[in-house]
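Some notes on the structure that comes next.
Indexing begins at 1, ligand by ligand and atom by atom, following the structure's order. Residue numbers count from 1 along this sequence.
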Amino acid sequence: MTMTVALTGASGAMGKPTLDALLASDKNYRVRILLRDTESERRFARTYRKIPSSRLEIIYGDIKNKEDCLRLAAGADYLMHMAALIPPGSDHDLELTRRTNYDGSVNVFEAVRAQEKQPKLVYISSVAVYGNRNYIHPWGRVGDPLLPSTFDVYAATKVRAERYLLDSDVKCWAILRQTGILHPKMLTNNIKDGLMFHTSWNSPLEWVTADDSGRLMCNIVDYDLDGKTEGFWNKVYNIGGGKINRRTGYDTFDGGFKIIGGSAESFLEPVWNSPRNFHGIWYTDSYILEDYFHFRSQSVEDYWNIVAEAHPVYALAKFLPPKIIKKLVIERLLGDSNAPMRWVKSHESAKVAAAFGSTENIDLCPASWKDYPVLCKGQLVDGEIDYDELRDDEYARTHGYLLDHGYDDTKPDSELDIEDMRAAASFRGGKCLSESMTKGDLNTKLLWECHDGHRFESSPYTILKAGHWCPECCQPEPWKFDILAKSIPFFAQVWYDSHARGENGIYYYKNNKAEGFRMKDGVLCKI
Ligand SMILES: [Zn+2]
């Protein structure tokens with residue numbers, strides 16, 4: 001029997017390699033894709049005109065339209081929801097980001113629910129849900145707190161859409177939190193927007209290539225049909241490229257700039273990039289998807305070599321002095337509306353506070369690289385660290401780098417009972433109000449209460465295993481983790497790695513303008 005695999009976002013960085021892998025699979029899938037009716041999407045469709053419609057069905061529509069989602073899901077056996085407005089686009093059109101990433105995702109999930117025989121659903125979420133990390137806790141895993149960075153609407157929509165799916169009764173699903181994806185247009189996109197300056201020099205990043213991601217998506221279907229996915233469905237996972245792809249912001253830039261004859265230090269200055277409020281993590285649990293689906297084949301070096309081969313013009317830049325490229329290509333981006341240095345110049349104080357803490361912190365940043373501690377060189381503000389050792393997940397597990405989830409997470413799921421729920425709720429500053437549960441049943445919803453008295457029903461899986469908590473106060477917007485961390489030890493254990501206890505900020509957008517308030521001596525003051 002021919003299986004139908006439906007895709008959203010098929011023309012995107014992850015969607016295209018997924019589509020290509022599915023079409024190349026010897027299982028002869030019928031692939032149905034939803035493309036927007038735009039010139040660029042039609043141009044994309046034309047590159048597949050030789051594929052017969054019995055193999056590739058193209059629907060023109062939009063996930064923001066419920067009817068289009070129903071057409072996509074009708075009769076499908078699998079639905080892979082990859083469509084999203086991602087940074088930098090998401091930073092420039094907040095309302096479209098909310099409507100696409102949240103409303104659109106709800107439409108997709110509801111279209112799945114509406115089918116008599118529901119397709120198996122794979123939803124692509126993001127590493128951005130975890131928010132900012134630095135060398136103190138560079139490691140993360142599913143179940144860690146969700147602390148999307150301030151003013152990152154993209155991350156906020158991912159948290160909310162995940163929550164909607166987790167709280168829904170979609171029968172068979174998987175949420176995959178995608179890490180930084182190395183795709184063919186990354187370098188070109190990066191030298192167009194101030195987004196490149198959001199990458200903190202010392203933020204951990206575990207890259208994966210677009211082709212490996214596409215292979216993962218195809219293998220999920222292939223292996224599922226071969227009966228090799230026992231225990232996989234109805235869980236959340238992290239996608240990552242493993243140890244060889246663990247970098248920081250600094251060595252990622254360094255590798256990319258080599259192609260055009262430069263380096264992080266010859267093209268950039270320490271103060272240009274924000275020291276926090278980014279997102280990125282090294283995963284102790286990304287091996288789980290690899291063990292299931294054997295999709296990893298490319299390293300970051302492989303990727304840069306492919307980029308260099310595909311764009312021989314980049315090599316010409318090697319004949320120019322780095323100073324010229326720095327001046328002509330990079331420095332002009334400092335004035336982009338998405339660049340932290342532009343926020344400083346134009347006194348966008350809420351964005352400056354979120355990114356730097358304060359303007360004083362900018363003045364204190366070393367002007368020269370020789371004075372700036374670079375983690376991938378083993379340098380810390382107050383000493384040295386073994387960068388290779390730090391990137392080893394076994395080292396992380398045995399040296400106290402894992403965050404506390406508030407209950408004994410070494411217990412098998414089948415042993416978790418109401419006492420574990422109470423302990424987890426208490427670590428989140430709240431309570432589990434349900435008086436009993438069936439031991440090991442992580443799917444039946446229980447009643448919870450947050451520190452602020454909001455009551456909500458969620459499954460033990462959603463709270464203990466997926467890292468979600470109060471849907472009223474812990475899901476931006478607004479962003480008020482400074483305040484929440486005071487009552488929620490689960491958040492505090494990582495929040496204060498990059499925030500001061502006295503910050504007390506509440507951040508939000510008003511008419512698309514970033515604003516914030518801060519509690520000072522019991523009085524709310526504008527930031
Ligand atoms: Zn609450």
Side-chain angles (χ1 to χ4, degrees), residues 98 101-102 105-106 125 128-132 142-168 175 236 277 354 403-407 418-435 437 442-496 499 501-510 515-519 522 524 527:
R98 294 180 191 111
N101 296 0
Y102 180 72
S105 294
V106 168
S125 182
V129 300
Y130 297 109
N132 191 71
V142 172
D144 279 3
L146 308 183
L147 303 164
S149 286
T150 303
F151 297 126
D152 185 356
V153 173
Y154 166 73
T157 59
K158 289 288 178 186
V159 172
R160 297 183 92 91
E162 273 196 14
R163 185 56 172 268
Y164 189 94
L165 176 56
L166 286 159
D167 284 346
S168 79
I175 293 172
V236 182
N277 207 43
L403 295 184
D404 187 350
H405 291 176
Y407 68 100
I418 197 72
E419 288 306 324
D420 297 295
M421 306 301 125
R422 287 184 187 131
S426 167
F427 193 53
R428 287 151 182 78
K431 292 177 193 147
C432 177
L433 297 178
S434 295
E435 288 183 359
M437 66 175 276
L442 300 191
N443 297 318
T444 303
K445 288 182 184 174
L446 304 177
L447 184 62
W448 311 81
E449 185 178 271
C450 82
H451 69 288
D452 210 12
H454 304 126
R455 292 186 174 189
F456 52 96
E457 287 191 340
S458 279
S459 71
Y461 186 85
T462 300
I463 306 302
L464 275 70
K465 297 291 177 181
H468 288 261
W469 182 233
C470 176
E472 275 199 59
C473 61
C474 299
Q475 296 182 176
E477 309 165 29
W479 291 263
K480 49 179 180 179
F481 295 111
D482 281 342
I483 311 294
L484 292 167
K486 294 187 192 311
S487 303
I488 305 180
F490 182 51
F491 292 177
Q493 64 180 324
V494 63
W495 187 252
Y496 296 123
H499 295 82
R501 284 175 194 265
E503 290 196 42
N504 298 327
I506 300 173
Y507 300 90
Y508 55 89
Y509 284 103
K510 189 175 169 190
E515 294 189 357
F517 276 95
R518 180 172 286 156
M519 194 61 110
L524 272 184
I527 291 175

Kindly give the atom name of the N, O or S atom of H454 closest to the Zn ion (ligand 1).
ND1
When you measure from the Zn ion (ligand 1) to the N, O or S atoms of C450, does any of those distances fall below 2.8 Å?
yes
Pairing donors with acceptors under 3.5 angstrom, does anything connect the side chains of W495 and N132?
no
Going by distance alone, is a donor N or O of one side chain under 3.5 Å from an acceptor N or O of the other, for S458 and R163?
yes
Decide yes or no for V236 and Y461: does some side-chain heavy atom of the first lie under 4.5 Å from some side-chain heavy atom of the second?
yes
Does K431, at its NZ atom, have more than 12 non-hydrogen atoms belonging to other residues, nucleotides or ligands within less than 6.0 Å?
no
Calculate the angle formed at the Zn ion (ligand 1) by SG in C473 and SG in C470; 10° precision is enough.
110°
